[in-house]
A.B. asks: 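Pasting a structure here, questions to come.
Order of the sequence lines fixes the chain letters, A, B, ..., with proteins taken first and strands second; residue numbering starts at 1 for each chain. Any value given below was found using the heavy atoms of this structure, including those in side chains, with hydrogens, waters and symmetry copies removed.
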There are 2 protein chains.
Amino acid sequence: MKRFALTVEFDGRPFMGWQRQSHGPSVQGALEAAAFAVTGEEVAVHAAGRTDAGVHGLAMRAHCDVAKPFAAFRLMEALNARLRPHPVAVLACEEVAADWHARFSCIGRAYEYRIVNRRAPLTWEAGLAWQVPQPLDEEAMARAAAMLVGRHDFTTFRSAHCQADSPVRTLDVLAVERVGERLAVKAAARSFLHHQVRSMVGCLALVGMGRWAVDDVGAALAARDRSRLGLNAPPDGLFFVGAVYPDSVTT
Amino acid sequence: MKRFALTVEFDGRPFMGWQRQSHGPSVQGALEAAAFAVTGEEVAVHAAGRTDAGVHGLAMRAHCDVAKPFAAFRLMEALNARLRPHPVAVLACEEVAADWHARFSCIGRAYEYRIVNRRAPLTWEAGLAWQVPQPLDEEAMARAAAMLVGRHDFTTFRSAHCQADSPVRTLDVLAVERVGERLAVKAAARSFLHHQVRSMVGCLALVGMGRWAVDDVGAALAARDRSRLGLNAPPDGLFFVGAVYPDSVTT
């Protein structure tokens, strides 16, 4: 049995999310079906994190165990051939130690949230960004974002369905960048709560629109109360962009 | 009668091209249908350039004449509301002089051609870039591109269906840039021949793959013979990115 680490890109639009579902298509399901077609084995594919319906992956990390003696490159090519026509692609594949685990070995996760700030509807980016028609003040958003960085109880920014034991997380990065009409909110932490990035981005957008003051974000955080959340941003703009592992081999 | 200059973004994937067709959807047709719905007038929409099936627009320039007394902003909003669900959006609209013409007043056109250089298939970018699996040497491509810049007879790089009187064009810019696995070929000229950008990019890609030497591009140009074209790149990666007008009002 060999363990392979995969780097996976996917378009979240047609999927109910990463996790295998009985009632609809999932990224995990597409990968596992491809792995079965390639190997004839019931291969389970484990990811660094689960993503919601409509959320995208630029470099999701995952792993799977294969009994047949595949070379990593051959396995990647065969998976990509069998993944068609699903918008899921294996960008990299390498053999790793049997105790390397995409989720449990992961010590850092990064997301990027993309906003298109204009009145006109999206065309080729529909479903790949959040269109916000009101002018956004990205400097105010950046000041509000700074209030969320650090170790906090993020109950306000956590889905009611979140299964984590603790609402405390250490947010390492929450940066707001604008290039023309495009904004990117970049977030990095060891781990995130369910809906945490979308909830933080929603409140930053309220600040950007001028509907919230910068300090309202700090007050919402301090309240530790989900009902104080201003806005949960839609999944469209959210991309899982990377995972970090202690051993740089697979960073 | 007022004349309005439009800046239009569109996803070329569902369209047979810019130009109105009797046998399928076009960007022009979508805009004219929206304009009719908004104004009740048979409005003709003229563009800076025509694009082929599958080619995209980030900032196509166009104009139309409207008899009803619309304010530019109101017209833009109404067109966008009526364009749904087509992936076409009016990014800007302004009133211009009656002799301003999107095509005939245009003194510069710019395209960008996007390549994703990797073995894995495209996911969210399918139809929005050309996936080239062979490693591309972007420095060799840039040297080859330099051989095409300037005033030349571009017969080799011109579609058999090109209707231009002369095959001579002055290519002002042909630049190759790489960021990670993504390459962009940027082209600017007063005007282009039919298929010229795709034909140039196809030959640059052959150089990048090592199938052509850099000098082969110069030889193909000098031959002034369409049969010497090495490869016509697919429409997927081509974006019309801008048009230049003498009056900076509408650049």
A.B. asks: What part of Leu58(B) gets closer than 4.5 Å to chain A, counting heavy atoms only: side chain, backbone, both or neither?
C.D. replies: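 Looking at Leu58(B), just its side chain touches chain A.
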A.B. asks: Give the minimum heavy-atom separation between Arg13(A) and Trp124(B), together with the two atoms involved.
C.D. replies: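 Of all heavy-atom pairs spanning Arg13(A) and Trp124(B), the closest is NH2-O, 3.9 Å.
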A.B. asks: Sort out for me which of Glu125(A), Glu77(A), Glu181(A) touches chain B most, counting heavy-atom pairs under 4.5 Å.
C.D. replies: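 Top option by heavy-atom pairs under 4.5 Å: Glu77(A).
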A.B. asks: Output the option from Gly127(B), Ala126(B), Pro121(B) having the highest count of non-hydrogen pairs under 4.5 Å with chain A.
C.D. replies: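 Most pairs with chain A among the choices: Pro121(B).
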A.B. asks: Got more than 12 heavy atoms from elsewhere within 6.0 Å of CZ, Arg114(B)?
C.D. replies: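 Yes, CZ of Arg114(B) has more than 12 neighbouring heavy atoms, counting only those of other groups under 6.0 Å.
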A.B. asks: Look at atom CZ of Arg103(A) and say whether more than 12 heavy atoms of other residues, nucleotides or ligands are closer to it than 6.0 Å.
C.D. replies: no
A.B. asks: Counting neighbours of CZ on Arg74(A) that are heavy atoms of other residues, nucleotides or ligands and sit closer than 6.0 Å, is the number greater than 12?
C.D. replies: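 Check fails, neighbour count at 12 or below.
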A.B. asks: Where does Leu91(B) contact chain A at under 4.5 Å (heavy atoms): side chain, backbone, both or neither?
C.D. replies: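 Its backbone and side chain both get close to chain A.
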A.B. asks: Crowded around Arg82(B) CZ? As in, over 12 foreign heavy atoms under 6.0 Å?
C.D. replies: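 It does not: Arg82(B) CZ has 12 such atoms or fewer within range.
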A.B. asks: Quick check on Glu139(B): does its CD atom have over 12 non-hydrogen neighbours (other residues, nucleotides or ligands) under 6.0 Å away?
C.D. replies: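 Check fails, neighbour count at 12 or below.
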A.B. asks: Which heavy atom of Leu122(B) sits nearest to which heavy atom of Glu9(A), and what is that distance?
C.D. replies: C-OE2, 4.5 Å
A.B. asks: Just so I understand: if I count every heavy-atom pair under 4.5 Å between each of Gly12(B), Gly57(B), Ala81(B), Ala89(B) and chain A, which residue has the most?
C.D. replies: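 That would be Ala89(B).
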